[in-house]
2 protein chains.
Amino acid sequence: MSTDRPRRVNIVDVARHAGVSHQTVSRVINDSPLVAAATRRKVQAAIEELGFRPNRLARALAGGTAREVTVLTTDTSLYGASETLSGIEDAARAAGHTVSVSVMNPDQPYADADVLARLPHLGSPAIVIAHDATTTRAMRALRAAQPSTTVATGGGDLADETEAADWLVALDDRAVAARATRHLLDLGHATVHYLAIPSKAPRRLGWEQALRDAGRPVPPPAACDWSTASAYHAAIGLLEDPDVTAILCGNDDLAVGAVRAAHIAGRAVPGDLSVVGFDDCPYAAFQVPALTTVGLDFRGLGRGAFELLRSKLDGAPRPRPTWRQPELIVRETSAPPRNRTE
Amino acid sequence: MSTDRPRRVNIVDVARHAGVSHQTVSRVINDSPLVAAATRRKVQAAIEELGFRPNRLARALAGGTAREVTVLTTDTSLYGASETLSGIEDAARAAGHTVSVSVMNPDQPYADADVLARLPHLGSPAIVIAHDATTTRAMRALRAAQPSTTVATGGGDLADETEAADWLVALDDRAVAARATRHLLDLGHATVHYLAIPSKAPRRLGWEQALRDAGRPVPPPAACDWSTASAYHAAIGLLEDPDVTAILCGNDDLAVGAVRAAHIAGRAVPGDLSVVGFDDCPYAAFQVPALTTVGLDFRGLGRGAFELLRSKLDGAPRPRPTWRQPELIVRETSAPPRNRTE
DNA sequence: CTGAAAGCGCTAACAA
DNA sequence: TTGTTAGCGCTTTCAG
């Protein structure tokens with residue numbers, strides 16, 4: 001496995017070229033304040049001229065930092081996860097870090113050791129995108145083993161427990177879920193049904209609470225996985241009951257399934273059935289009818305997760321959130337229920 | 001930036017524990033054949049007992065391999081790209097490699113040096129998911145600088161030039177595009193219009209050729225970006241012409257835009273307008289009407305890309321393709337054109 | 001078949 | 001403010 005090793009220019013070459021010791025070069029590339037301005041300039045010129053780039057491996061091995069983050073996730077093709085990953089990568093690269101991805105199989109049981117084995121070594125900085133049981137468990141395992149170098153985003157089935165945790169970056173899913181539910185209630189629906197994505201407790205709880213607050217019946221949530229197909233089947237079941245007029249879905253993919261189910265069941269959307277999704281996927285606005293959904297700033301969340309991690313590594317105070325708050329986007333799949341001819 | 005350094009067990013610890021030299025341990029973990037079976041067993045037991053895991057950094061620094069691949073892509077949330085990434089990760093992890101992701105901004109010009117700077121060092125194994133101008137250029141830059149450690153998947157705007165190249169893993173987009181076009185022609189459409197994704201020449205060429213072969217007029221392709229919105233606008237324009245009855249789209253996201261445009265323009269799908277997509281996204285089967293599209297094995301392609309890279313690193317012969325061939329999936333958005341009342 | 005010596009490129013501690 | 005000396009954990013020589 002030869003990886004082309006054409007002797008690269010190293011710190012010693014630079015030192016020689018600049019007429020200083022290699023240590024001084026090290027100080028310069030690490031932004032140490034203990035270097036005279038003139039020396040720094042000389043060294044930087046040499047670096048420039050020689051096209052020197054520090055060897056990450058050597059740096060890390062020598063006790064510095066690898067400047068590398070491992071992201072654990074279950075599904076890179078889920079909209080939320082992939083956008084989050086993108087946000088992490090963005091912030092990480094800006095900070096000179098490398099991001100590695102490790103994908104976990106939702107159907108496979110992982111021992112804690114298996115989770116740790118995903119990292120370069122114990123203590124390696126990690127971000128887990130926790131959105132289902134598998135990733136939530138991974139998050140717990142990592143948190144237990146290396147609390148100071150693990151952060152998470154998403155929330156998994158943590159619900160409130162961690163809202164205030166100093167290692168979690170999350171949007172207030174619960175509040176928007178309640179908001180979306182109220183939107184449907186305000187439209188005149190007697191109650192709202194819920195198609196649940198795996199372990200996204202906050203959304204379910206927000207929905208529940210909004211119904212309770214309004215004194216409405218709380219129907220049992222229908223458990224789906226991430227697939228549109230699962231939502232389709234769940235919705236087909238739900239729609240056997242003619243009283244079902246509104247469905248809140250754990251995400252947009254599920255909403256698409258619900259809309260199709262309505263179509264097959266001969267129910268007009270939004271006339272006979274209102275559907276509200278979550279995520280505002282790129283295609284949501286262009287569905288026929290256009291999906292009413294909740295816009296979520298996953299990319300911002302990802303950036304926030306990295307910044308949080310970095311602050312922990314640096315021992316800096318927790319950075320303030322910079323991501324956009326969730327917002328309900330009302331489009332065409334939600335409307336007042338049509339008056340039924342009894 | 002402390003990364004918790006609780007002295008890990010290293011090769012010397014193992015050596016001591018097994019009563020051999022650290023060199024022998026090195027041989028064992030590298031599967032060297034020059035170790036006596038008994039010695040090997042002793043060492044392996046020690047490794048087991050001590051929970052030893054080789055330090056990747058040290059290995060790489062000492063001249064071994066970093067066992068790490070960098071994946072260059074522009075958009076982790078595009079279906080094709082994220083599935084491909086997932087496939088790469090899968091194969092890479094199975095082979096004990098780490099995968100790093102580097103996301104490029106399609107709107108930003110990159111000098112070749114900027115591209116190289118994405119890698120840990122010159123010669124680092126890389127896979128570029130080439131699907132637009134930016135990634136295609138990145139691919140060229142990398143290929144030029146480190147031909148033996150760069151492979152690509154997708155194809156970008158390479159068209160035929162590289163079909164046979166030994167560093168590209170691609171599906172026969174061109175053939176299926178032709179197949180999809182013929183499907184529409186066979187249905188009775190006079191011609192087929194094309195909504196183009198950025199630089200996916202093979203698809204466009206396949207479409208063109210099918211039209212030519214059938215002796216049909218070749219309308220100018222409408223250039224879109226990856227967004228559903230761009231397809232929507234392009235389709236709105238196209239539909240001003242009542243003779244447009246069939247549109248082939250560069251991917252499913254675009255197809256969704258075309259379907260919505262038809263809806264807005266008051267044209268029934270598939271009665272007045274047939275639409276065919278590409279990719280078979282998870283939601284495609286559940287659209288209303290369900291999308292006729294082309295199923296593509298991106299995950300298999302990703303795995304293939306990694307295997308190809310590995311074969312190059314090992315100097316092994318090119319592995320045989322294991323991915324599924326593309327297939328046209330006829331659903332509800334394609335049908336014979338309705339007879340127009342002149 | 002096994003061991004000993006010499007680094008890979010860098011940072012950490014210490015000394016000047 | 002700068003330089004010197006030791007490693008980090010491993011692989012590559014080269015001797016046994």
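Reminder, nothing fancy here: chain letters follow the sequence lines and each chain counts from 1.
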Trainee: Which residue, A:Arg27 or B:Gly19, contacts DNA chain C at a nucleotide closer to its 5' end, judged by nearest heavy atom?
Mentor: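 So the residue in question is B:Gly19.
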
Trainee: Of the options C:dC10, D:dT2, C:dG3, whose atoms approach the side-chain atoms of A:Leu34 most closely?
Mentor: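 Nearest nucleotide to the side chain: D:dT2.
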
Trainee: For residues 69-82 of chain A, run the donor-acceptor check on the side chains, cut-off 3.5 Å, and write out each pair with its distance to 0.1 Å, sequence neighbours left out.
Mentor:
from    : atom 1 : to       : atom 2 : distance (Å)
A:Thr74 : OG1    : A:His131 : NE2    : 2.6
A:Asp75 : OD1    : A:Ser77  : N      : 2.9
A:Asp75 : OD1    : A:Ser77  : OG     : 2.8
A:Thr76 : OG1    : B:Ser82  : O      : 3.1
A:Ser77 : OG     : B:Glu83  : OE2    : 2.7
A:Ser82 : OG     : A:Leu78  : O      : 3.2
A:Ser82 : OG     : A:Tyr79  : O      : 3.2

Trainee: Would you say A:Tyr110's side chain and A:Asn105's backbone share a donor-acceptor pair under 3.5 angstrom?
Mentor: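 Flag set: sc A:Tyr110 to bb A:Asn105 pair under 3.5 Å.
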
Trainee: With salt bridge (charged side-chain N to carboxylate O under 4.0 Å, His left out) as the criterion, how do A:Glu307 and A:Arg303 come out once you've worked through the C-alpha distance, each side chain's angles and the decisive distance to 0.1 Å?
Mentor: CA-CA 6 Å; A:Glu307 293 308 340; A:Arg303 278 192 219 99; over 6 Å; no

Trainee: Among C:dC1, C:dT11, D:dT1, which nucleotide sits nearest the side chain of B:Ala36?
Mentor: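 The answer is C:dC1, which lies nearest to the side chain.
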
Trainee: Between C1' on C:dG9 and CZ on A:Arg16, what's the gap in Å once rounded to a whole number?
Mentor: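 In whole Å, C:dG9 C1' and A:Arg16 CZ are 13 Å from each other.
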
Trainee: To the nearest Å, how far apart are B:Ile11 CD1 and C:dT2 C1'?
Mentor: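 For the pair B:Ile11 CD1 and C:dT2 C1', the rounded distance is 14 Å.
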
Trainee: Can you list, in residue-number order, the parts of residues 45-55 of chain B that come under 4.0 Å of DNA chain C, counting heavy atoms only?
Mentor: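 Nothing qualifies; none.
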
Trainee: Would you say D:dT4 has OP1 or OP2 under 4.0 Å from some side-chain N or O of A:Ser21?
Mentor: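 So the side chain of A:Ser21 is outside the cut-off, no N or O lying under 4.0 Å from OP1 or OP2 of D:dT4.
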
Trainee: Expressed as a whole number of angstroms, how long is the span from B:Gln23:CD to D:dC10:C1'?
Mentor: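 Spelled out: CD on B:Gln23 to C1' on D:dC10 is 9 Å.
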
Trainee: Choose from D:dG3, D:dT2, D:dT11 the nucleotide whose nearest atom is closest to any side-chain atom of B:Ala62.
Mentor: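 Per side-chain heavy atoms of B:Ala62, the pick is D:dT11.
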
Trainee: When you measure from the side chain of B:Asp314 to the backbone of B:Ser311, do you find a donor-acceptor pair of N or O atoms at a distance under 3.5 Å?
Mentor: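 Answer holds: no.
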
Trainee: Hey, is the side chain of B:Asn30 poking within less than 4.0 Å of OP1 or OP2 on D:dT11, counting only N and O atoms?
Mentor: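 Checking B:Asn30 against D:dT11: at least one side-chain N or O falls below 4.0 Å of OP1 or OP2.
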
Trainee: Could you check whether the side chain of A:His22 and the base of C:dT11 have a donor-acceptor pair of N or O atoms closer than 3.5 Å, going by distance alone?
Mentor: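 When only heavy-atom distances are counted, A:His22 does reach the base of C:dT11 through a donor-acceptor pair under 3.5 Å.
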
Trainee: Please check the phosphate of D:dT2 (OP1 and OP2 only) for any side-chain N or O of A:Thr24 closer than 4.0 Å.
Mentor: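 So the side chain of A:Thr24 is outside the cut-off, no N or O lying under 4.0 Å from OP1 or OP2 of D:dT2.
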
Trainee: When the aromatic ring centroids of A:Phe52 and A:His17 are compared, is their separation below 6.0 Å?
Mentor: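 Judged by ring-centre distance (under 6.0 Å), A:Phe52 and A:His17 do not meet the cut-off.
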
Trainee: Need one value for B:Val12: base, sugar-phosphate or nothing, where a base atom within 4.0 Å counts as base even if backbone is also close, heavy atoms only.
Mentor: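 Result for B:Val12 = nothing.
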
Trainee: What's the closest nucleotide to the B:Leu61 side chain, out of C:dT11, D:dT2, C:dG9?
Mentor: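 Shortest atom-to-atom distance from the side chain points to C:dG9.
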
Trainee: Could you go through B:Thr150 and B:Val128, starting from their C-alpha distance and side-chain angles, then the distance that decides it, and tell me whether this counts as side-chain contact (heavy atoms from CB on, under 4.5 Å)?
Mentor: CA-CA 8 Å; B:Thr150 302; B:Val128 7; 4.2 Å; yes

Trainee: Using heavy-atom distances to pick each residue's nearest nucleotide on DNA chain D, tell me which of A:Val35 and B:Arg56 is more 5'.
Mentor: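 In this pair, the answer is A:Val35.
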
Trainee: Round to a whole Å and report the spacing from CZ of B:Arg59 to C1' of D:dC8.
Mentor: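 It is 16 Å, rounded to the nearest whole Å.
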
Trainee: With a cut-off of 3.5 Å and sequence neighbours excluded, list every side-chain donor-acceptor pair involving residues 33-45 of chain A.
Mentor:
from    : atom 1 : to      : atom 2 : distance (Å)
A:Arg40 : NH2    : A:Ser32 : O      : 2.6

Trainee: Please state how far atom CZ in A:Arg67 lies from atom P in C:dG9, giving the value in whole angstrom units.
Mentor: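 It works out to 20 Å between those atoms.
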
Trainee: In this structure, how many angstroms lie between the P atom of C:dC10 and the CG atom of A:Asn10, rounded?
Mentor: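 Going from CG in A:Asn10 over to P in C:dC10 covers 5 Å.
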
Trainee: Show your reasoning for whether side chain to side chain donor-acceptor pair (under 3.5 Å) applies to A:Ser86 and A:Arg299.
Mentor: CA-CA 6 Å; A:Ser86 193; A:Arg299 215 170 267 257; 2.9 Å; yes

Trainee: Starting at the 5' end of DNA chain C and moving along, which residue's nearest nucleotide shows up first, B:Ala58 or B:Ala37?
Mentor: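 On the 5' side of the pair lies B:Ala37.
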
Trainee: State whether B:Thr39 places a side-chain N or O below 4.0 Å from either non-bridging phosphate oxygen (OP1 or OP2) of C:dT2.
Mentor: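 Yes.
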
Trainee: Which whole-number value in Å describes the distance from A:Leu57 CG to C:dT11 C1'?
Mentor: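 A:Leu57 atom CG is separated from C:dT11 atom C1' by 14 Å.
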
Trainee: Please report, rounded to the nearest Å, how far the C1' atom of C:dC10 is from the CG atom of A:Asp13.
Mentor: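 For the pair A:Asp13 CG and C:dC10 C1', the rounded distance is 13 Å.
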
